[in-house]
Amino acid sequence: MPTPDKVIISCAITGAIHTPTMTPHLPITPDEIAESAIGAAEAGAAILHLHARDPETGRPDQSVEAFAGFLPRIKQATGAVVNITTGGSPYMKVDERAAPAAYWQPEVASLNMGSMNFGFFPLLAKYKEFKHDWEREYLENSRDLVFRNSFKDIKYVLETCYGNGTRFEFECYDISHLYNLAHFADRGLVKPPFFIQSVFGLLGGIGTHPEDVMHMKRTADRLFGDDFRWSVLGAGKDQFRIATQAVSMGGNIRVGLEDSIWIERGKLAETNAQQVEKARRLVEGLGLQVATPDEAREMLALKGGDRVNF
Ligand code: KMH
Ligand code: ZN
């Protein structure tokens, strides 16, 4: 993998793991998602990874129309690359999950590269009561949750979005997911450069030990050589430790309230921009530069911000 002189910062604005009770700063309504995303772009995020939520209950909403309230505003206000999730919530089926990316035709969409247990029930222990009825069962039911991404599911997402010129943020939660990506690459179903987002610290995926990060990187190096651009996200409290290790190894980074609600130990992040600013300081502190959206487009061979359906 070429060591980029520029570092792409992605920001994942709201996601589908954290629930409203966990932090008052989680963007939920279209206005909150738009404002938070614009703030993150202004702070230096070149790529904005977006989910949608029900504005009343904060529950993940993967309907096409749920994204209409913020996609145009984000596009008009920033030059950032829009990355729409095809992960939705891990409880959803792949056709529901892929629908928004298929319709809105973003430059980038996430693509989850393997099935896995997806346990966010440990979060239950931190909260005595919840604002909304759905939250407790959402977390509790993850004891018996398999986030399904069969080879057929992955191919479905590829076939549904590839024709639109959408390229992918390949979410790899474990070593086997890299081999799954290699399977599709070897058959010419995905084209390089591969934007590999290595996910650390989700219960059900690889851990957060520095050796885990090294192993993910060296396996990707061996499988993809110069054909991939490595990014990492550390879930929860490990977000910035993992980011620091990865940037020092030539990696790109993803932050955002989707993946961690914290800005430092025991202190809630009040905005996504706060985490992006911290990531920028980390990058510049190492003498590297934060990539602009157009530099990210160059590095990832993206189609351009105007060739979308919003
Ligand atoms: N929630 C992240 C750990 C997706 O949206 O497709 C991975 C993710 C998946 O962002
Ligand atoms: Zn996501």
Side-chain angles (χ1 to χ4, degrees), residues 10-19 22 26-28 33 36-37 40 45 47-53 59-62 66-67 70 81-102 104 106 108-120 122-123 138-139 142 145-149 153-154 156-158 160-161 166-174 177 180-181 195-208 212 216 231-239 242-243 246 252-262 272 275:
S10 293
C11 187
I13 301 304
T14 186
I17 294 173
H18 297 119
T19 66
M22 297 175 185
L26 192 67
I28 288 170
I33 292 171
S36 192
I47 300 178
L48 300 168
H49 173 78
L50 297 165
H51 290 242
R53 289 182 183 255
R59 188 162 197 152
D61 181 345
Q62 197 66 5
F67 289 73
F70 50 81
V81 174
V82 166
N83 165 357
I84 294 178
T85 179
T86 68
S89 146
Y91 291 98
M92 298 173 183
K93 296 223 178 315
V94 71
D95 51 347
E96 177 185 3
R97 292 167 27 198
W104 296 111
V108 177
S110 61
L111 180 48
N112 294 274
M113 292 311 296
S115 302
M116 61 188 282
N117 292 343
F118 209 92
F120 29 89
L123 288 166
Y138 188 77
L139 299 176
S142 72
L145 171 62
V146 175
F147 182 28
R148 180 190 151 123
N149 295 288
D153 292 340
I154 295 168
Y156 175 84
V157 176
L158 287 174
T160 310
C161 299
T166 295
R167 290 178 58 72
F168 294 92
E169 175 194 37
F170 296 104
E171 312 280 345
C172 294
Y173 302 70
D174 215 331
H177 297 179
N180 294 348
L181 176 56
F195 184 36
I196 293 178
Q197 189 68 258
S198 305
V199 183
F200 297 94
L202 255 167
L203 185 58
I206 198 167
T208 61
D212 295 324
M216 191 72 98
S231 185
V232 306
L233 76 86
K237 64 179 175 42
D238 299 297
Q239 183 178 50
I242 296 235
N252 301 284
I253 51 182
R254 173 169 137 170
V255 294
L257 299 178
E258 169 167 348
D259 304 322
S260 170
I261 56 176
W262 308 104
N272 276 293
Q275 289 189 355

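The shown structure was predicted, so the numbers you read here are calculated from the model rather than taken from an experiment. First listed ligand is number 1; within each ligand, the first listed atom is number 1.
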Once you round to the nearest 0.5 Å, how far does CG of Leu145 lie from OG of Ser89?
7.5 Å

Glu258: side chain to side chain donor-acceptor pair (under 3.5 Å) partners, not counting sequence neighbours:
His49, His51, Arg254

Using only heavy-atom distances, determine whether the side chains of Thr85 and Arg97 contain a donor-acceptor pair under 3.5 Å.
no

Neighbour count above 12 (heavy atom, 6.0 Å) for Arg148 CZ:
no

Going by side-chain contact (heavy atoms from CB on, under 4.5 Å), Tyr173 matches just one of Ile206, Asn149, Val199. Which one?
Val199

Expected contact list for ligand 1 at under 4.0 angstrom, heavy-atom basis, is Ile17, His49, His51, Thr85, Gly87, Ser110, Asn112, Glu171, Tyr173, Val199, Leu202, Arg254, Glu258, Asp259

Neighbouring protein N, O or S atoms of the Zn ion (ligand 2), below 2.8 Å
3

Is the distance between the ring centroids of Tyr138 and Phe120 under 6.0 Å?
yes

Report the C-alpha separation of Ser36 and Asn272 in whole Å, then their side-chain angles, then the decisive distance to 0.1 Å, and conclude whether the side-chain hydrogen bond (donor to acceptor under 3.5 Å, both in side chains) test is met.
CA-CA 6 Å; Ser36 192; Asn272 276 293; 2.8 Å; yes

Side-chain donor-acceptor contact under 3.5 Å, Asn112 with Glu171:
no

Apply side chain to side chain donor-acceptor pair (under 3.5 Å) to Ser231 and list each qualifying residue two or more places apart in sequence or on a separate chain.
Gln197

